[in-house]
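Working notes, structure below.
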Protein chains: 2
Amino acid sequence: MVIARSALGKLRGKYDSLSTTEKRIAQLALNSPSTVSEMTIRELASAAGASTASISRFVKRLGYANYREFTMELAHVVVVDAQEGAKLFKELGEGDSLGVIANKVFHSSMASLEATNDALSENDIARAVLKLINAGTVNFFGLGGSSIAALDGYHKFVRTSLNVAYHPDYDIQLMQAAKLTADDCAVVISHSGKNYETIQIVKELKANHVPIIGITSYSGSPLARAATVTLLSLTDEIKYRSEGMYSLISQIAILDSLFMMTVLRSSSRTQPVLMHVRDVIERTREEP
Amino acid sequence: MVIARSALGKLRGKYDSLSTTEKRIAQLALNSPSTVSEMTIRELASAAGASTASISRFVKRLGYANYREFTMELAHVVVVDAQEGAKLFKELGEGDSLGVIANKVFHSSMASLEATNDALSENDIARAVLKLINAGTVNFFGLGGSSIAALDGYHKFVRTSLNVAYHPDYDIQLMQAAKLTADDCAVVISHSGKNYETIQIVKELKANHVPIIGITSYSGSPLARAATVTLLSLTDEIKYRSEGMYSLISQIAILDSLFMMTVLRSSSRTQPVLMHVRDVIERTREEP
DNA sequence: TTATTATATGTAAAAAAGTTTCACTTTTCA
DNA sequence: TGAAAAGTGAAACTTTTTTACATATAATAA
């Protein structure tokens with residue numbers, strides 16, 4: 001199989017065998033492929049001081065079927081080049097355009113999702129799902145920035161057959177926690193995992209032996225230690241001013257996953273999945 | 001530097017506002033950009049069951065000067081895609097394990113972010129940021145599922161020097177809308193862009209000439225048409241039961257971007273960015 | 001509902017782009 | 001030196017693309 005030579009390669013390769021006029025044309029294409037790729041045959045002809053006929057013959061001699069094919073390949077060259085150069089934007093530079101800022105934000109989010117996904121263990125997920133679908137009531141807890149994720153969890157799960165509860169107010173969350181039992185399930189969300197009020201809630205839950213699904217970014221945090229199952233919402237390593245920003249998206253994606261799995265449970269066709277959940281749990285009784 | 005929206009981004013961004021015939025054309029281009037990039041206008045017309053005239057108008061509507069420019073950009077996409085490598089996730093199979101389900105959810109989210117990022121135009125972002133930083137008060141509106149994104153917007157922007165407001169209650173949102181003026185700014189979030197209550201709010205805002213930043217997934221929706229600036233939160237094409245699920249993450253990422261840009265404004269070191277915002281706007285006065 | 005207006009779409013003519021023919025010039029080499 | 005070969009541009013010709021126009025269809029208002 002013959003490797004596809006780039007347009008510039010062909011140009012350089014045949015350069016010596018070209019006539020004077022054709023060399024002029026080739027020169028133009030080699031010097032500024034991007035410009036030439038956008039020219040019509042007439043424009044190129046006049047730029048090279050040649051006739052359109054010469055250009056037409058020129059591209060055929062290079063092996064292209066027609067002029068359009070030639071410009072197309074020139075354009076490819078341009079793209080590849082541009083990408084090589086653009087690779088490496090790490091940090092947000094001071095003079096960055098809005099487009100670059102947007103790119104950076106989106107890619108940080110995507111990196112956070114990727115990291116979070118990588119860190120999830122099937123075993124933990126399975127245990128979490130089992131707790132959820134067997135719970136009398138499912139209760140979401142989250143304060144400050146994490147209240148958004150908690151609210152989202154409520155919004156999603158309220159569509160299922162589960163009994164769910166969430167209250168934005170801290171005092172009510174605390175009272176709610178006091179009412180739960182070992183038959184219920186609590187989903188506690190906290191980026192840092194050590195917010196004082198959140199920990200008060202966790203203590204209350206522990207006192208009542210309520211199963212806790214903790215969603216936090218720090219595996220060593222009080223929340224992570226106290227939780228029955230911990231799901232980590234990792235963030236992209238490059239931090240801006242507000243590091244909690246990208247963890248929200250990871251938190252939500254975790255909730256999405258739990259939601260999807262819970263929904264699938266009710267579908268009879270996906271009963272096998274549920275069986276599999278139990279299997280996974282049986283198979284791994286050791287625990288962290 | 002103006003961000004180059006990819007051809008696919010443009011296609012996805014405008015897709016919803018296209019006519020039936022044009023959707024057919026767009027579909028072809030989205031499905032096999034490489035093939036289409038090599039077609040003449042006639043071939044594409046017959047492949048799409050349309051006239052050459054329609055194709056010509058179609059590419060102009062997308063913002064290209066002529067058909068050749070369009071095929072050229074499609075060819076670019078091909079190169080970029082080929083380099084990305086294969087993305088092999090398809091649908092969720094019935095017997096999929098929990099780990100696979102999680103993978104799928106996360107990758108759908110990432111794909112949604114990618115599509116959303118692709119479809120954002122720097123021009124639109126710039127206009128949105130300018131509206132925000134010059135507004136007397138910034139007001140978030142969102143009902144149902146989108147209330148979460150609205151709340152998130154409030155949470156983020158409340159840390160800035162801007163005056164922000166958000167109320168979860170519909171009636172209060174409506175009253176709040178009635179109080180705003182042309183000096184304020186409204187951020188209206190709605191996945192479908194056509195929720196009845198949301199549109200009532202939009203009408204109220206329009207009556208008062210309040211600038212509207214619309215965040216929705218459908219470029220042809222009433223919200224998108226009414227908004228001063230529309231930012232599209234695209235979702236991965238593969239839909240599950242609840243398609244709004246992945247748009248939340250895109251919505252949040254858009255808000256993150258706006259937030260970052262707004263924050264950067266207050267840093268004196270990044271004043272150039274702001275200048276650039278104005279530049280971008282000056283430079284691009286046409287367009288919808 | 002019907003009239004009216006806007007939107008979509010294809011046909012066909014015009015314009016633009018690209019290719020080929022042909023006559024003329026220059027170069028090559030016996 | 002002079003025939004054959006190669007190079008070139010003008011113009012005829014073909015193909016491709018755009019635009020103008022007419023018609024159909026959908027949306028909107030009375």
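The chains referred to below are lettered A, B, ... by the order of the sequence lines, with proteins before strands, and numbering in each begins at 1.
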*For each nucleotide in nucleotides 4-20 of chain C, reading 5' to 3', give B when a protein heavy atom comes within less than 4.0 Å of its base, S when such contact involves only the sugar-phosphate, and - otherwise.*
----SBBB-----BSBB
Collect all protein-nucleotide pairs involving nucleotides 22-29 of chain D in which both atoms are nitrogen or oxygen and the distance is under 3.5 Å.
none

_Angle between ring planes, A:Tyr64 versus A:Phe70, binned at 30° and 60°: parallel, tilted or perpendicular?_
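Rings of A:Tyr64 and A:Phe70: perpendicular, over 60°.
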_Is it the case that atom NZ in B:Lys194 sees more than 12 heavy atoms from other parts of the structure closer than 6.0 Å?_
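Check fails, neighbour count at 12 or below.
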Flag for [Y]-[X]: side-chain donor and acceptor within less than 3.5 Å:
X: B:Thr116; Y: B:Asp118; value: no
X: A:Ser51; Y: A:Ser54; value: yes
X: B:Ser217; Y: B:Ser233; value: yes

*Centroid separation B:Tyr166 to B:Phe141 less than 6.0 Å*: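 No, the ring of B:Tyr166 stays outside the 6.0 Å limit from the ring of B:Phe141, centre to centre.
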_Before we go on, tell me: are the rings of B:Tyr218 and B:His191 under 6.0 Å apart, centre to centre?_
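Distance test on ring centres: under 6.0 Å, yes.
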_Residue among B:Ile249, B:Leu231, B:Ile213, B:Leu113 satisfying side-chain contact (heavy atoms from CB on, under 4.5 Å) with B:Ile254_ =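 Testing each of B:Ile249, B:Leu231, B:Ile213, B:Leu113 against B:Ile254, the sole residue satisfying side-chain contact (heavy atoms from CB on, under 4.5 Å) is B:Leu231.
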*What is the distance, rounded to the nearest whole Å, between atom CD of B:Glu69 and atom C1' of D:dT16?*
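It works out to 17 Å between those atoms.
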